[in-house]
Amino acid sequence: MDLPKKYNPQDAEQKWLASWDETGIYKWDETKSRDESFVVDTPPPTVSGSLHVGHLFSYSHQDFIVRFQRMMGKNIFFPIGWDDNGLPTERRVQNLLNVKCEAHLPYDPDFKAERGKKGDATPISRKNFVELCDEVIVDDEKAFKQLWTRLGMSYDWDQEYATINEHSRRTSQFSFLELLEKGEIYQDEKPVMWDVDFQTAIAQAELEDKERPAAYNFIRFGVEGSDEKLVVATTRPELLPACVAVLVHPEDERFKDFVGKNAVSPLFEVPVPIMADEKADPEKGTGVVMVCTFGDQTDVEWWQAFKLPLRQIIGRDGHLLPVEFVKAGEGGHEKDTHLEKMEDGRDVVRSLGAARMIPSLNPEKANSIYGTIQGKYTKQAQKLIIAAAEESGTVIDRPAENITHAVKFFEKGDRPLELVPARQWYTKIMDKKDELVGQGRKIKWHPEYMEKRYAHWVEGLNQDWCLSRQRYFGVPIPVWYRIDEHGEVCYDQRILPSVESLPIDPLSECPEGFTADQRDQPGGFTGDPDVLDTWATSSLSPQVASQWVNDKGRHQKLFPMDMRPQGHDIIRTWAFYTIVKAYLHEKEVPWHNVVLSGWILDPDRKKMSKSQGNVVTPEPLIDQFGADAVRYWAARARLGVDTSFDEKVFKVGKKLVTKLFNASKFAMGRFDDVPAEQLTPDKITVELDRAVIAELRPVIEKATAAFKEFDYAQALSLAEGYFWSVYCDNYLEMAKQRTYDEELTVGRLSACATLRLVHRALVRMMAPFIPYITEEVWGWAYADDADMAKSIHKSPWPTLDEFAAVEAPEHATSYDATVAVVDAIRRAKADAAVSMAAPVESAKITVAAGNVAAVEATLDDIQRMLKIETATVIAGEVENGLASVETVLAPVPAAE
RNA sequence: GGGCGAUUAGCUCAGUUGGUUAGAGCGCUGCCUUCACACGGCAGAGGUCACAAGUUCGAAUCUUGUAUCGCCCACCA
């Protein structure tokens with residue numbers, strides 16, 4: 001065998017990628033049964049995001065498990081998708097092509113965008129915009145594909161999908177329509193969490209708390225028919241004009257007498273009821289809370305509970321809306337909007353925005369003050385209100401107290417969320433929290449404690465899943481509405497598309513039976529302008545990959561899936577919503593296992609992320625260390641554990657690759673001239689060889705068990721430990737002298753068979769982690785074995801059966817006792833500062849009585865390894881129960 | 001404030017159901033140019049397992065509490 005002197009990872013990567021592609025070893029076989037398959041719900045990476053080493057890390061984890069399952073004989077379904085749906089792509093297209101989407105515009109089939117266009121953004125229709133997104137992401141997806149391929153991901157590229165492509169849109173819209181029909185989706189108009197910059201509603205899962213400085217302002221409210229004052233503490237004085245009530249705790253003696261009366265807000269002089277409620281905390285602020293529409297979630301709850309009027313002053317763009325204060329108590333003017341009970345029991349805000357009249361005792365003054373804040377952002381309005389209050393001299397009770405408190409933000413947003421009443425679509429989840437927790441329990445989480453995070457999230461949900469987003473690049477909500485003869489949109493008269501027609505864009509396509517010129521006309525129709533939350537589509541990744549909509553048989557074969565790999569940060573979104581969808585559609589769990597990777601932290605233990613500016617880009621790493629070494633680094637981290645980015649580990653990986661290359665080359669060179677047919681387990685007759693195989697058995701057993709439980713890190717550690725220490729450092733050294741025998745003696749045959757069979761097992765145990773070098777080495781000797789496959793990655797995972805014909809060593813302690821003796825002699829040589837190859841004239845070896853026979857059984861190998869002329873083994877007291885040795889070194893030959 | 005996780009050698013981490021002197025890699029020190037590999041080998045130094053109390057014949061491992069760090073949730077008057 002003529003083997004190369006050095007291993008070059010780059011060359012090997014190119015060579016084997018081409019080979020794997022050509023032979024199609026990673027292809028899913030559609031004809032195999034579900035039982036024989038292992039099905040993965042791969043996370044589609046956000047293609048417009050930047051790649052960093054964290055991606056290499058977590059994606060490698062999936063591949064370890066998949067490659068193990070493949071070697072276990074499973075038919076692997078390992079698709080790959082691209083998450084190109086949503087805001088990141090939308091922003092990229094806007095910047096790159098200088099366009100903006102205006103949903104109401106008609107589709108222009110001839111529109112062409114130019115890159116780098118200057119000047120004002122060109123307004124285009126939603127359909128045009130989506131088409132541009134499709135174009136832009138092609139390049140991103142190429143870059144990702146390149147990287148995943150090089151990393152050695154064993155994807156079946158025939159199963160590629162994208163979350164915005166036609167199939168995903170069709171699947172997502174189909175899901176929407178099916179759940180609508182089942183009554184699991186409804187439309188409602190109520191206060192929602194609203195981002196004033198993105199101008200869209202968002203869901204609870206997209207919230208992020210941020211600590212912000214604020215100040216308690218102590219503001220005096222008057223009490224009707226009394227000279228007394230009630231002092232309210234508020235961090236949001238700008239909402240004073242939106243105040244609809246004042247609340248105190250029912251048991252609070254200080255305020256008992258006020259309940260039932262009216263308070264009068266300062267500056268605007270709006271009479272509002274003083275009410276009692278348990279939720280008003282006497283300890284907080286002054287114990288008196290003003291209810292505004294809307295300062296926070298509690299305001300919404302009080303507003304609903306007490307049927308308070310709606311005084312919406314914050315607009316969807318974050319500016320203060322125009323309102324008019326009118327004389328209070330003069331009938332006919334009270335046009336505040338209210339919450340109404342619908343026939344189906346839901347509460348709905350009626351006549352939204354129709355009335356912006358607020359009753360005041362002094363409308364002239366109120367209008368004058370409001371005039372200074374109308375149209376301003378909330379922050380400016382706040383300053384102006386405080387200034388006005390200070391100016392009046394009677395409103396401020398005492399100086400403001402500075403505090404910091406958590407404020408809700410959209411996770412991608414820059415300004416706090418507002419609560420704004422709006423018509424949105426929801427998926428019902430509040431009514432099935434218990435069932436959803438139950439579904440989580442049916443799934444195995446790796447690591448296990450992650451299940452609690454899921455359960456806590458579900459238990460803590462306080463609202464249904466808001467599905468609609470007021471954005472452009474996404475899956476359109478497939479609904480049209482009738483418009484009545486007065487031009488009013490009738491939201492309860494929905495027109496739904498047929499399943500066959502999906503996907504549709506209701507803004508550019510007409511419902512059946514209508515023509516385009518009836519759009520937005522009295523008696524005609526209008527399309528729902530919103531798109532679905534990206535999670536509404538991402539949560540269908542199993543159904544998208546399984547072709548649920550198009551091929552029920554195929555879906556049956558793949559669903560529920562075996563494994564969902566993902567980050568723990570998106571348990572509340574991706575994992576949760578996927579569980580929701582699977583439950584709502586099929587009362588099923590989407591997968592049996594979730595495996596959660598940790599994060600990569602920079603050396604300062606901060607999460608690596610683009611916004612922190614501490615990312616390490618992946619390609620140079622692979623260039624420098626090779627894909628195998630990068631994967632090795634990933635494999636050392638257990639699931640769920642955050643890991644710091646440590647370049648030393650890449651070096652260790654590279655060393656392992658080199659060691660495997662060299663050790664393989666050497667080992668194979670030792671048995672190369674013996675026909676493989678002769679190197680069978682039954683030829684392993686020498687005590688040392690049997691002892692070494694006895695050491696291997698538990699390694700195979702434990703690594704297999706660990707891998708079955710998704711603990712790849714443990715499996716690697718076992719294989720690597722055995723390879724380096726037992727195989728290389730000890731066994732190769734001990735057995736190689738026997739392989740130098742000129743005759744094919746029984747001893748040489750036994751050593752060669754051991755070297756080959758153990759090596760053949762070890763290299764397979766490392767194949768899931770370092771697929772390139774193992775494939776390279778495999779090709780040298782084992783690709784033609786009858787019980788193996790051409791590719792190591794299609795060859796069977798090692799089992800004890802392969803060594804069943806090897807008898808156990810005569811002495812149970814053979815290996816340990818032998819190594820103890822070897823170590824003792826090595827120590828003696830090290831103490832004498834001579835080479836390990838230095839000859840020893842005689843050695844008197846003392847071991848525990850029980851080990852004498854064991855050591856004698858391997859003494860010949862020990863002597864040949866350490867060049868010992870004569871050796872005697874005696875029983876005696878030894879420290880640590882191992883071995884001690886007295887050696888007489890041979891005289892050093894005179895230098896020539 | 002509630003929950004989850006972590007705390008083991010200078011650094012990065014293993015330590016499976018409590019069991020003899022707590023491990024690995026890197027780094028460090030000394031030695032060995034041994035015919036697979038100097039991207040190597042051998043040997044060595046280095047730890048009161050965060051702290052305290054408890055259970056036990058025996059605790060890094062179990063219980064309780066404390067401290068520090070990380071994450072998630074709640075807290076927005």
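Lettering follows sequence order; numbering is per chain, from 1.
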What integer number of Å spans the [atom1] atoms of [N] and [M]?
N	M	atom1	value
B:A14	B:U56	C1'	26 Å
B:G46	B:A59	P	24 Å
B:A45	B:U29	C1'	7 Å
B:C49	B:G23	P	14 Å
B:G40	B:G25	P	12 Å
B:U33	B:G41	C1'	11 Å
B:G47	B:A22	P	12 Å
B:G65	B:C71	C1'	23 Å

Side chain of [X], heavy atoms from C-beta onward: which of [options] has the nearest atom to it?
X	options	answer
A:Asp642	B:A14, B:G70, B:G41	B:G70
A:Arg826	B:C4, B:A43, B:C76	B:A43
A:Met836	B:A36, B:C4, B:U34	B:U34
A:Thr658	B:G25, B:A36, B:C39	B:C39
A:Lys408	B:C75, B:A43, B:C11	B:C75
A:Arg453	B:U12, B:C32, B:C71	B:C71
A:Ala663	B:A36, B:A14, B:G3	B:A36

Counting any heavy atom closer than 4.0 Å, what does [X] reach on the DNA or RNA strands: base, sugar-phosphate only, or nothing?
X	result
A:Ser717	nothing
A:Gln297	nothing
A:Tyr740	sugar-phosphate
A:Phe661	nothing
A:Ala838	nothing
A:Ala406	base
A:Trp724	sugar-phosphate
A:Lys210	nothing

Report yes if at least one side-chain N or O of [X] is closer than 4.0 Å to OP1 or OP2 of [N]; otherwise report no.
X	N	value
A:Lys655	B:A38	no
A:Lys651	B:C39	no
A:Arg636	B:U12	no
A:Lys284	B:C76	yes

Review point. Got a sec: does the NZ of A:Lys210 have more than 12 other heavy atoms crowding it under 6.0 Å?
Key: yes
Practice item. Count the heavy atoms belonging to other residues, nucleotides or ligands that lie under 6.0 Å from NZ of A:Lys379, then report whether that count exceeds 12. Key: no
Review point. With a cut-off of under 6.0 Å to the ring centre and 45° to the axis, is A:Lys659 in cation-pi contact with A:Trp724?
Key: yes
Review point. So is A:Arg398 actually on top of A:Phe218's ring, under 6.0 Å and inside 45° of the axis?
Key: yes
Is any N or O donor-acceptor pair between the side chain of [X] and the base of [N] shorter than 3.5 Å?
X	N	result
A:Lys659	B:C37	yes
A:Asp209	B:C76	no
A:Ser835	B:C32	no

Practice item. Might you work through the ring pair (Phe, Tyr, Trp, His ring centres under 6.0 Å) test for A:Phe666 and A:Tyr727, ending with a clear yes or no? Key: CA-CA 12 Å; A:Phe666 177 62; A:Tyr727 192 78; 9.7 Å; no
Check your understanding: Taking the six-membered ring for Trp, are A:Phe625 and A:Trp633 ring centroids under 6.0 Å apart?
Key -> no
Point to revise | Under 3.5 Å: donor-acceptor pair, side chain of A:Asn662, backbone of A:Thr658 | key: yes
Check your understanding: So which nucleotide does B:U68 pair with, by the Watson-Crick or G-U wobble rule with both distances under 3.5 Å?
Key -> B:A6
